[in-house]
Amino acid sequence: MHEQINFAIEILGTISFSMSGSFAAMQKRLDPFGVLIIAFVTSVGGGTVRDLLLDVPVFWMHDLLLCGVILVTCIFSMIFKSIEKNFKVTLFIFDSFGLGLFTLIGVQKGLNADIHPLICIGLGTITGCFGGIIRDILLNRIPLIFRKEIYASACIIGGATFLLLTTFTNLSYTVIQVFTILLIVTIRTLAVKYQWQMPKFYGYVNDSEM
Amino acid sequence: MHEQINFAIEILGTISFSMSGSFAAMQKRLDPFGVLIIAFVTSVGGGTVRDLLLDVPVFWMHDLLLCGVILVTCIFSMIFKSIEKNFKVTLFIFDSFGLGLFTLIGVQKGLNADIHPLICIGLGTITGCFGGIIRDILLNRIPLIFRKEIYASACIIGGATFLLLTTFTNLSYTVIQVFTILLIVTIRTLAVKYQWQMPKFYGYVNDSEM
Amino acid sequence: MHEQINFAIEILGTISFSMSGSFAAMQKRLDPFGVLIIAFVTSVGGGTVRDLLLDVPVFWMHDLLLCGVILVTCIFSMIFKSIEKNFKVTLFIFDSFGLGLFTLIGVQKGLNADIHPLICIGLGTITGCFGGIIRDILLNRIPLIFRKEIYASACIIGGATFLLLTTFTNLSYTVIQVFTILLIVTIRTLAVKYQWQMPKFYGYVNDSEM
């Protein structure tokens, strides 16, 4: 049951990341194969970098189901371009849950490989964020981490909370997992709704140096 | 004999990719070592990403001949800058054959590593296209996959045809290889000659969102 | 004693690269977690690419001290933004020594993995330069290798000198190491002071093609 929920959320997260990549590529007027490449990179980019760093087999290389899901999502997105408008809220929710679960998977894969917990927070952040960063670089857009929304911050806070809870509380693993994902989703949602920004406590910046 | 032809085409493809990188870097007025770095990345970038994903030894790390070919081609390109104009057609043919053979090598390396054939098409496309994508990112140009010419599409169609022929026909391996390479070269050539574009069957795009 | 000096310079080089990443990210007005990500990538990017190519464990994955140094440097840089102005020369010296030592580490790691010496020069250059290149790509700046200062060239010349001295002289290893680092620092310093540029011996460039 527990595994099935994780699996379902991972598929939903992949679908959402694939849609976000497809829509971004269509806005840039790429041809269908270009759209497919961007959808693919957005979905698997973060996990690929994580697996390369950990020197474990890259997760999608033997996962035909996952590749098929990305392909079908991409074709679906190209045919029903207009869903972007009608399902914007749904897509945002998928994306947030995907971000939460991808972060969690990254932290756990790192812990399984005996990496120090603090470095595992970085691996979780990479898993959640790097797909979008690579997408933006390929599309020549201003990368994700520039934007004002709290995104990487949600991953870092979520990953740190997960580690604190597993270390210092006796809560069951499942409860902590669910709590972490919901925390990341909540931070993302509130940040977008109320236009939260991280404080920048460093003073002035000399723009002429840019 | 068969091996020697493959080897010759691989060297010609490497020379062509190295030239394409050198010329692009010289247009951006990089210094000679910068030109060399770009030539190198263009030639080996795609195969490097493929080998990292497959977790096999990176192909050029022990191939001094290949590295020497890139170096000599790069120096040659810098000295005889003007060849770009005179040999434009020759360069285009080399580049197309290189693309075809690199795609084929990517698909075959994936099959040898027991990767599912459909994912191998992706590995072939990565081998053929990612060198040019990395070159364009480093040079701050609009990446290859944006351009209107059919490029990644030729790799995907070529890779798929190769797999269909090996699975459903009794043709000899060599014949299928030659046919695949010629197919990719033909698609590329016709696409450039007649300015083919992939149809974009998704409707309007709101440019203001870009 | 010898090991301790290497260790101290490596830490100073990491601090300097981390500062350079932090300041570049603050100029682009990233939020604190974005600044941290850029500082991290700048410090470890080059060595990470090298270790992935060599298929050896990625050096920072088990090095909590190094990750801690980057974190502390980054926080320090955000709080004392103004040090950039006052310590510009100090930072430049750190950066040059870091570049020299990182190049040397790259060459040596390659030699230890039985890579051909000429390819090891490339690994040294990657170790020294790729962190800054990835930083610039993420920040959407014109990448490092475009700039007029001699940077990659210093790595290539330093790496080649190191190999020539170890092969053709009987000097002690330590002397050669120190000489190589000082050579790279000297080239960088003189290049910046006298605005050296590499000669571009290829003729005119048709800018309209850019």
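Numbers restart at 1 for each chain; the letters A, B, ... are given by sequence-line order, proteins then strands.
The side-chain heavy atoms of C:Leu123 and B:Met61, taken from C-beta on, include a pair separated by under 4.5 Å.
Heavy atoms of C:Ile137 lying under 4.5 Å from chain B belong exclusively to its side chain. Heavy atoms of B:Asp63 lying under 4.5 Å from chain C belong exclusively to its backbone. Heavy atoms of C:Ile156 lying under 4.5 Å from chain B belong exclusively to its side chain.
Within a 6.0 Å sphere centred on CZ of C:Phe179, other residues, nucleotides and ligands contribute 12 heavy atoms or fewer.
If you run side-chain contact (heavy atoms from CB on, under 4.5 Å) between B:Val58 and each of C:Leu54, C:Asp55, C:Leu53, only C:Leu53 comes through. Applying the side-chain contact (heavy atoms from CB on, under 4.5 Å) test between B:Phe33 and each of C:Cys155, C:Cys129, C:Ser153 identifies C:Ser153 as the sole match.
Note that OH of C:Tyr151 is 13.5 Å distant from CG of B:Asp31, once rounded to the nearest 0.5 Å.
Chosen from C:Ile115, C:Leu52, C:Ile126, the residue pairing most often with chain B at heavy-atom distances under 4.5 Å is C:Ile115.
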